[in-house]
Amino acid sequence: MNTTGHFSFALGGLTPDTTYYFRAKAVGDGTSFGAERNVTTSGASYPVATATGTGTATFSSDLGNITDLTAVAEGTLPTAGKPDGVTFPHGLFSFNITGITVGSTVTVTITLPSAIPAAAQYWKYQNGQWIDCTSLLGDDDDDNVLTLTITDGGLGDADGVANGTIIDPGGPAVVGVVPPPPPPAPPTPSARRVSPSPPQPQLPPADVRLRSISVSPSQTQTGQPVTILANMVNSGASSGSYNVALRINGRVEQQRTIEVSPGAAYPVKFIVTKSQPGTYTVNIGDQKSSFIVTGAGSRLGEGMDEGLLLAVAIAAIAILLGLLVVIARRRIQGY
Ligand SMILES: [Ca+2]
Ligand SMILES: [Ca+2]
C-alpha cells in the first residue's frame with residue numbers, strides 16, 4: 001500500500017494459545033519500523049481435575065479465552081430444584097469465557113476423563129436455579145468429548161447479558177442413578193475351592209540310610225563269589241534316592257543309585273570275586289565288615305583234613321570187620 005492510515009492483514013495457520021509479535025515496516029523515502037505489537041491466539045486447552053476424582057477434563061473454546069476454570073462438587077450446590085435422577089459423573093465446572101465480541105456464539109469443547117453415555121444432559125446452576133441446558137450440547141455420541149454452544153446473553157450465559165462475557169457454571173449429567181462401583185470381584189470358583197481345603201502339610205523329606213550290611217560267606221576261596229547285602233531303609237515321608245558305594249579295602253569297587261519308597265527297606269546286593277587270597281575289609285557308608293579268601297596254598301591243610309578223614313574211615317571199617325569176624329567165630333563155636 002502507498003497511503004497512510006490503518007491497514008489490515010489476514011493471517012492464517014497460527015497455533016492456538018500462542019503470542020505472536022509483529023512490527024509494521026514502512027518503505028519509502030528510507031525505511032522505518034512501527035512499534036512492536038503482539039497478538040495471542042485463543043483455542044488453547046485448559047485442564048482441570050474433576051470434582052468427582054474421575055480424572056482431568058480439558059476445556060477449549062473456539063473464541064475468546066476460558067478463564068477461572070474450576071471444578072465444582074455437586075454437593076456444594078443446593079439440592080432444591082435439582083432434577084430427580086440426574087447425576088454428574090464428573091461433577092460440575094465453572095468457567096468464564098472472555099475476550100469475545102458482544103453477543104458472540106462460542107463453542108466450548110469439553111474432553112472428559114472418560115466417556116459419558118449418549119443422551120447426556122447438561123445442567124447449570126445459575127442464579128439460584130437449576131437450568132436444563134441440554135439443548136446446548138453437541139457431539140453427544142457416547143464418547144468423552146462433548147461440545148457446548150453458548151451465546152453471550154443467551155441460554156447458558158449466567159449473567160444473562162450480552163456483554164462479551166459468558167459465565168458458565170454447570171456440568172454434563174446422565175439421567176438415572178449412576179451404578180455404584182462394582183463390588184470386589186468374587187473369588188473365582190477355583191479359588192473358592194482351594195481356600196477351604198486345609199493347607200497341604202509339608203512332607204518330611206526322604207531320609208534314606210544304611211541300616212546294616214551282611215557278607216556271605218565270610219570265608220571263601222579265590223574265584224568264588226562273595227555276596228554283600230546292604231540293607232537300606234527310608235524313614236522319611238518322601239521317596240528318596242541314595243548312592244550306595246561298596247568299598248573293598250578302602251577302594252570303591254561298585255556303586256549303585258537306588259530309589260527307596262517312604263517307609264520301605266531296600267536290599268542292595270553286590271557280588272565280588274577275588275582272585276588273590278587275603279582278608280578283605282568291606283565298607284558301605286559307616287558300616288564295616290570283612291571276608292577272607294583262601295587260595296591254593298591253603299589247600300594243603302584241607303588235603304590233610306581229607307587224609308585224616310580217610311584214615312578214620314579205614315580204621316572204622318577195620319574195626320567193623322574185626323567185630324564181624326569175632327561174631328562169626330562165636331556163632332560157629334556155638335553150633
Ligand atoms: Ca462426542
Ligand atoms: Ca454475558
Side-chain angles (χ1 to χ4, degrees), residues 15-17 39-72 74 76-78 81-83 85-179 181:
T15 303
D17 197 28
V39 63
T40 300
T41 55
S42 62
S45 289
Y46 298 88
V48 63
T50 65
T52 55
T54 51
T56 299
T58 57
F59 286 70
S60 62
S61 65
D62 64 343
L63 290 174
N65 296 299
I66 292 174
T67 60
D68 304 321
L69 174 64
T70 57
V72 177
E74 187 180 347
T76 64
L77 299 173
K82 189 162 77 173
V86 168
T87 57
F88 298 82
H90 302 287
L92 291 88
F93 305 94
S94 176
F95 59 92
N96 297 336
I97 299 169
T98 59
I100 56 172
T101 307
V102 170
S104 295
T105 296
V106 176
T107 298
V108 177
T109 299
I110 307 169
T111 303
L112 297 164
S114 57
I116 192 160
Q121 299 186 357
Y122 201 90
W123 285 82
K124 294 184 178 183
Y125 186 75
Q126 295 177 334
N127 308 315
Q129 285 186 305
W130 286 92
I131 298 171
D132 186 356
C133 296
T134 305
S135 62
L136 307 178
L137 214 50
D139 198 7
D140 179 14
D141 57 359
D142 214 23
D143 65 7
N144 67 324
V145 177
L146 294 171
T147 59
L148 269 183
T149 302
I150 310 168
T151 300
D152 181 24
L155 178 66
D157 180 9
D159 64 14
V161 179
N163 55 1
T165 299
I166 294 171
I167 299 173
D168 185 67
V174 292
V175 179
V177 177
V178 169

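Whatever order the structure lists ligands and atoms in, that order sets their numbers, starting from 1.
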(request) For the Ca ion (ligand 1), find the closest N/O/S atom on Asp139 and give its atom name. (result) O
(request) Please check if any side-chain donor atom of His90 sits under 3.5 Å from a side-chain acceptor atom of Thr52, or the reverse. (result) no
(message) Distance check below 3.0 Å: does Asp140 bring an N, O or S atom to the Ca ion (ligand 1)?
(response) no
(message) Among the N, O or S atoms of Asp159, which one sits nearest to the Ca ion (ligand 2)?
(response) OD1
(request) Mind reading off the angle at the Ca ion (ligand 2) between the OD2 atom of Asp157 and the O atom of Val161, rounded to 10°? (result) 100°
(message) If I consider every N, O or S atom in Asp152, which one ends up closest to the Ca ion (ligand 2)? I only need its name.
(response) OD1
(message) Quick check on the 6.0 Å ring-centre criterion: do Phe88 and Trp130 meet it?
(response) yes
(request) Measure from the Ca ion (ligand 1) to every N/O/S atom of Asp141 and report the name of the nearest one. (result) OD1
(request) Would you tell me whether Thr134 and Asp132 have side-chain atoms, one donor and one acceptor, within less than 3.5 Å of each other? (result) yes
(request) Classify the side-chain pair Thr105/Thr151 by whether it contains a donor and acceptor separated by less than 3.5 Å. (result) yes
(message) Would you say the Ca ion (ligand 1) has Gly138 as a near neighbour, meaning an N/O/S atom of that residue under 3.0 Å away?
(response) no
(message) Looking at every non-hydrogen atom in both residues, tell me the closest pair between Gly156 and Ile166 and how far apart they are.
(response) O-CG2, 4.2 Å
(message) Quick check: of its N, O or S atoms, which one does Asp143 have closest to the Ca ion (ligand 1)?
(response) OD1
(message) Looking at every heavy atom in both Asp157 and Ile167, which two are closest together, and how far apart are they?
(response) OD1-N, 3.1 Å
